[in-house]
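FYI, side chains are in, hydrogens and waters are out, and symmetry mates aren't considered; it's all heavy atoms of this structure. Chain A is the first sequence line, chain B the second, and so forth, proteins listed ahead of strands; every chain is numbered from 1. Here the structure is a predicted model, which is why all the values come from computation and not from measurement.
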Amino acid sequence: DTGVSQNPRHKITKRGQNVTFRCDPISEHNRLYWYRQTLGQGPEFLTYFQNEAQLEKSRLLSDRFSAERPKGSFSTLEIQRTEQGDSAMYLCASSLGGPGGYNEQFFGPGTRLTVL
Amino acid sequence: SQQGEEDPQALSIQEGENATMNCSYKTSINNLQWYRQNSGRGLVHLILIRSNEREKHSGRLRVTLDTSKKSSSLLITASRAADTASYFCATDPSGTYKYIFGTGTRLKVLA
């Protein structure tokens, strides 16, 4: 199966610690998205990459969050000085952007973060 | 903030019945997508409808889009227990690739 993969699947950390998540998109996909989802809510957009360029970033994303996509392949999402409010499922999705860019997103299984 | 809002928030039907859920959004869009999420498989793309399309079919799914009312509906015909899941609409405000998901409709299909 060459779908979107995310690691780790679960992460428990103490408040104040830094955490990093990894997303491996479908290999030929040039677009990569990060979302955050809390219980009973829909996914909330965090940021978007076209190849290695970060083109959109949610205003809700504080300075403690940073994402990278070196070489336009895998991506990492880092949260510094975690807070209990960061506890959520972090989802990664990828898509193949073409003319008009109206392509479906394929989601990974997510990384569930619990901040104690 | 959530651009889309699904209605109803929860829906319970008998197997074989049709299920209709609605999505309203706030800004002009390039396209609207519907996704399904259950605990077993995560988020799965169902159907995409472009802003210049009014209706689209895929198997037992029918999606309509009314850009004048900024709303869309998803119809699932002849529902099955396996359709039990949360359904989300996602829109990309024109000029961005920033997909905004709604709050979801939780569908329960009773066998």
Side-chain angles (χ1 to χ4, degrees), chain A residues 1 3-7 9-10 23 25-26 29-51 53-61 67 69 88-112, chain B residues 1-10 21 23-27 29-53 56 58 61 63 65 74 85-107:
Chain A
D1 189 331
V4 178
S5 62
Q6 293 187 246
N7 289 288
R9 295 290 305 275
H10 303 273
C23 171
I26 293 172
H29 284 185
N30 56 349
R31 293 182 179 163
L32 188 147
Y33 300 80
W34 283 100
Y35 296 88
R36 177 173 64 189
Q37 187 176 26
T38 54
L39 195 62
Q41 299 294 314
E44 178 182 25
F45 174 86
L46 293 178
T47 191
Y48 153 68
F49 290 86
Q50 170 102 1
N51 299 311
Q54 188 174 18
L55 299 185
E56 289 275 356
K57 188 175 177 181
S58 170
R59 285 173 291 181
L60 300 174
L61 215 60
R69 193 184 181 197
M89 178 74 84
Y90 288 84
L91 298 167
C92 175
S94 70
S95 70
L96 183 61
Y102 303 149
N103 297 96
E104 65 183 278
Q105 296 178 66
F106 292 83
F107 280 82
T111 294
R112 181 169 296 284
Chain B
S1 64
Q2 302 282 358
Q3 144 114 307
E5 290 186 4
E6 284 88 344
D7 169 58
Q9 290 187 333
M21 52 204 85
C23 167
S24 60
Y25 56 92
K26 299 175 184 174
T27 67
I29 60 172
N30 289 320
N31 68 84
L32 184 145
Q33 303 183 33
W34 284 92
Y35 287 82
R36 179 182 66 212
Q37 185 177 41
N38 57 34
S39 58
R41 292 195 59 192
L43 270 158
V44 175
H45 180 270
L46 295 177
I47 198 165
L48 179 153
I49 186 166
R50 293 176 170 75
S51 59
N52 61 353
E53 297 175 316
K56 205 160 183 180
S58 177
L61 306 180
V63 168
L65 179 64
L74 170 66
S86 291
Y87 291 82
F88 297 94
C89 67
T91 55
D92 63 332
S94 292
T96 78
Y97 294 107
K98 178 181 171 179
Y99 283 92
I100 308 297
F101 281 74
T103 50
T105 292
R106 293 182 301 281
L107 173 66

### Message
Does any part of the side chain of B/His45, heavy atoms only, come nearer than 4.5 Å to the side chain of A/Phe106, both counted from C-beta?
### Response
no
### Query
Among all residues two or more places apart in sequence or in another chain, which pass the side-chain contact (heavy atoms from CB on, under 4.5 Å) test with A/Ala67?
A/Trp34, A/Thr47, A/Phe49, A/Gln54, A/Leu77
### Query
Rounded to the nearest 0.5 Å, how far apart are CG of B/Asp92 and CD of A/Glu56?
10.5 Å
### Query
Does B/Tyr99 reach the side chain of A/Tyr33, with side-chain heavy atoms less than 4.5 Å apart?
yes
### Message
Tell me if the centroids of the rings in A/Phe107 and B/Tyr35 come within less than 6.0 Å of each other.
### Response
yes
### Query
Using a distance-only test with no angle check, is there a side-chain donor-acceptor pair under 3.5 angstrom linking A/Gln37 and B/Gln37?
yes
### Summary
Across all chains, not counting sequence neighbours, the side-chain hydrogen bond (donor to acceptor under 3.5 Å, both in side chains) partners of B/Thr105 are none
### Query
Is the distance between the ring centroids of A/Tyr35 and B/Phe101 under 6.0 Å?
yes
### Query
Which bit of A/Leu91 comes within less than 4.5 Å of chain B, counting heavy atoms only: side chain, backbone, both or neither?
side chain
### Task
Taking atom CD of B/Glu53 as the centre, report whether more than 12 heavy atoms of other residues, nucleotides or ligands fall under 6.0 Å from it.
yes
### B/Lys98/A/Tyr48 under side-chain contact (heavy atoms from CB on, under 4.5 Å): CA gap, chis, key distance, verdict
CA-CA 7 Å; B/Lys98 178 181 171 179; A/Tyr48 153 68; over 6 Å; no
#### Entry: Distance (rounded to the nearest 0.5 Å) between B/Leu48 CG and A/Ser95 OG
10.5 Å
